[in-house]
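The block underneath contains the structure these notes are about, expressed in structure tokens.
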Amino acid sequence: MLQQTTVTTVIPYFHRFIADFPTVQALAQASLDDVLAAWSGLGYYARARNLHAAAQWIAGPGRGEFPRTASTWATLPGVGPSTAAAIVAFAFDVRAPILDANVRRVLSRYHGLTGRDAATLRRLWAYAEHHTPGTDVATYTQAIMDLGALVCRRTPDCHSCPLAGDCAHDGQTITQPKPARPERHAVFAIIEDAEGAALLVRRPPHGVWGGLWSLPECASLDELPATLRVLGVEGGAVAGLPPVRHLFTHFALSITPVRLRAVTIRTTVGETRDMMWYKRGVQHRPGMPAPVRRLLDQLTKTEAS
DNA sequence: AATACGGGGCC
DNA sequence: GGCCCAGTATT
């Protein structure tokens with residue numbers, strides 16, 4: 001969860017997740033749908049798929065034993081060099097250098113490296129390897145991460161830093177050129193039956209929002225009739241909703257929500273595992289992208305008032 | 001080597 | 001409103 005996600009964001013998800021899946025066996029036996037539901041809103045959903053698969057490996061071929069070496073951990077899906085090292089360092093006090101965002105910031109400043117290129121990254125890994133002690137690895141690892149999190153922040157607090165004097169950092173903050181964020185547009189259809197249940201479709205297992213339940217979608221309002229035809233949706237009262245903007249790392253998505261109420265539908269939704277009727281407020285929420293969840297929650301809130 | 005992959009907290 | 005986060009997998 002903590003890969004590319006701040007601690008404060010993760011904490012509530014972590015508590016719910018551990019309550020839902022208390023053991024690696026429980027996680028391994030859970031359905032991917034339930035895991036994604038617990039992950040819903042946290043983003044980077046490949047992490048959830050990978051964690052589920054990794055739990056299944058540990059509970060199955062791994063015979064329930066957690067690996068002891070970083071190299072074995074790194075063979076599990078979703079576990080890269082930094083995570084593998086952090087696990088064995090914290091859990092087993094095994095010497096293994098990490099280079100998460102905190103450590104990277106500390107070592108970059110300490111050694112006066114400003115680049116973000118691959119060569120700089122390799123040098124930082126070498127420094128991480130060099131500084132990692134042979135004993136008290138867990139303590140050292142936690143300490144240098146906390147130094148980055150609490151003192152050597154984006155705006156560093158050099159006055160309270162124990163490395164001040166040794167550090168090569170010149171106090172300058174380097175601003176990277178910001179890549180343009182292309183604009184994309186999509187129409188999200190909120191299709192409700194007579195009971196007010198909304199039609200959800202499962203997204204493909206990979207790519208954006210992989211495996212999550214989302215709203216039927218098309219590129220423009222012109223394509224909406226064809227999209228409804230494919231779904232077998234007929235009739236219903238149409239209402240436009242205010243547009244929603246959703247920012248991704250590398251593009252901005254402008255969403256035009258369209259609501260169709262009391263439709264009839266030809267296909268039997270139960271026939272496919274990739275469609276479902278979701279009854280807001282009654283049924284346990286499936287794994288949905290954050291903007292979809294917000295949209296549907298907004299409807300519930302509006303109706304309540 | 002470059003890019004895809006979310007979402008929210010914080011300044 | 002921009003920046004960035006306890007990175008990894010894929011191309």
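All values derive from a computational prediction rather than experimental measurement. To find a chain, count down the sequence lines: A is the first, B the second, and so on, and within it residues start at 1.
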_Of the listed nucleotides C:dG2, C:dG7, B:dG6, the one nearest the side chain of A:Asp100_ = C:dG7
*Quick one: which of B:dC5, B:dC10, C:dC5 gets closest to the side chain of A:Ala101?*
C:dC5
_Whole-Å gap separating P (B:dG8) and CE (A:Met1)_ = 14 Å
_For the P atoms, the ones on C:dT8 and on B:dG9, what distance do you get once it is rounded to whole angstrom?_
23 Å
*Can you tell me if the side-chain N/O atoms of A:Gln4 get under 4.0 Å from OP1 or OP2 in C:dG7?*
yes
*Quick one: which of B:dG9, B:dG7, B:dG6 gets closest to the side chain of A:Thr8?*
B:dG9
_Given DNA chain B, 5'-ward residue of the pair A:Arg153 and A:Phe251, judged by closest heavy atom_ = A:Phe251
_Show, in sequence, the C-alpha distance, side-chain angles and deciding distance for A:Asp157 and A:Ser160, and conclude whether the side chain to side chain donor-acceptor pair (under 3.5 Å) test is met._
CA-CA 6 Å; A:Asp157 183 14; A:Ser160 58; 2.7 Å; yes
*asked:* Taking 4.0 Å as the cut-off, does a side-chain nitrogen or oxygen of A:Thr83 come that near to OP1 or OP2 on C:dT8?
replied: yes
*Any A:Tyr45 side-chain nitrogen or oxygen under 4.0 Å from OP1 or OP2 of B:dG7*: yes
*Looking at every strand, decide which applies to A:Gly41 at a 4.0 Å heavy-atom threshold: base, sugar-phosphate, or nothing.*
sugar-phosphate
*Please work out whether the ring planes of A:His131 and A:Tyr110 are parallel, tilted or perpendicular, with thresholds of 30° and 60°.*
perpendicular
*For atom CD of A:Glu65, decide whether the heavy atoms of other residues, nucleotides or ligands shown that lie under 6.0 angstrom number more than 12.*
no
*So what does A:Pro291 hit on the nucleic acid, given a heavy-atom distance under 4.0 Å: a base, only sugar-phosphate, or nothing?*
sugar-phosphate
*For A:Ala290, answer base if it contacts any base atom (sugar-phosphate contacts may also be present), sugar-phosphate if it contacts only those atoms, and nothing otherwise; contact means non-hydrogen atoms under 4.0 Å.*
sugar-phosphate
*Which part of the nucleic acid does A:Arg181 contact within heavy-atom distance under 4.0 Å: base, sugar-phosphate only, or nothing?*
nothing
_Interatomic distance where OH belongs to A:Tyr44 and C1' belongs to B:dG8 [whole Å]_ = 12 Å
*Classify the side chain of A:Thr249 versus the base of B:dG7 as yes if they form a donor-acceptor pair under 3.5 Å and no if they do not.*
no
_Nearest whole Å is fine: how far is C:dC5 P from A:Asn102 CG?_
7 Å
*asked:* By nearest heavy atom, map A:Asn50 and A:Thr141 onto DNA chain C; which one lands nearer the 5' end?
replied: A:Thr141
*A:Phe90 or A:His206: which one's nearest nucleotide on DNA chain C is closer to the 5' end?*
A:Phe90
_Distance-minimising heavy-atom pair for A:Ala59 and A:Val24_ = CB-O, 4.4 Å
*Upstream residue (5' side of DNA chain B) when A:Ala118 and A:Arg47 are each assigned their closest nucleotide*: A:Ala118
*Taking only the side-chain nitrogens and oxygens of A:Trp209, find out if one of them lies under 4.0 Å from OP1 or OP2 of B:dG7.*
yes
*Is any side-chain N or O of A:Arg116 closer than 4.0 Å to OP1 or OP2 of B:dA1?*
no
*A:Leu99 CG - C:dC5 P separation (whole Å)*: 12 Å
*Neighbour count above 12 (heavy atom, 6.0 Å) for A:Arg123 CZ*: no
*Check every strand shown and say whether A:Val79 touches a base, only sugar-phosphate, or nothing at a heavy-atom separation below 4.0 Å.*
sugar-phosphate
*asked:* Please determine whether a side-chain nitrogen or oxygen atom of A:Arg105 lies at a distance below 4.0 Å from atom OP1 or OP2 of C:dC5.
replied: yes
*Run the salt-bridge test on A:Glu183 and A:Arg245 with the 4.0 Å N-O cut-off and return the result as yes or no.*
yes
*Report the nucleotide, chosen from C:dG7, B:dA4, B:dG8, that has the shortest atom-to-atom distance to any side-chain atom of A:His250.*
B:dA4
*Using a 4.0 Å heavy-atom cut-off across all strands, classify A:Gly207 as base, sugar-phosphate, or nothing.*
sugar-phosphate
*Between C:dG7 atom C1' and A:Ile98 atom CD1, what is the distance in whole Å?*
11 Å
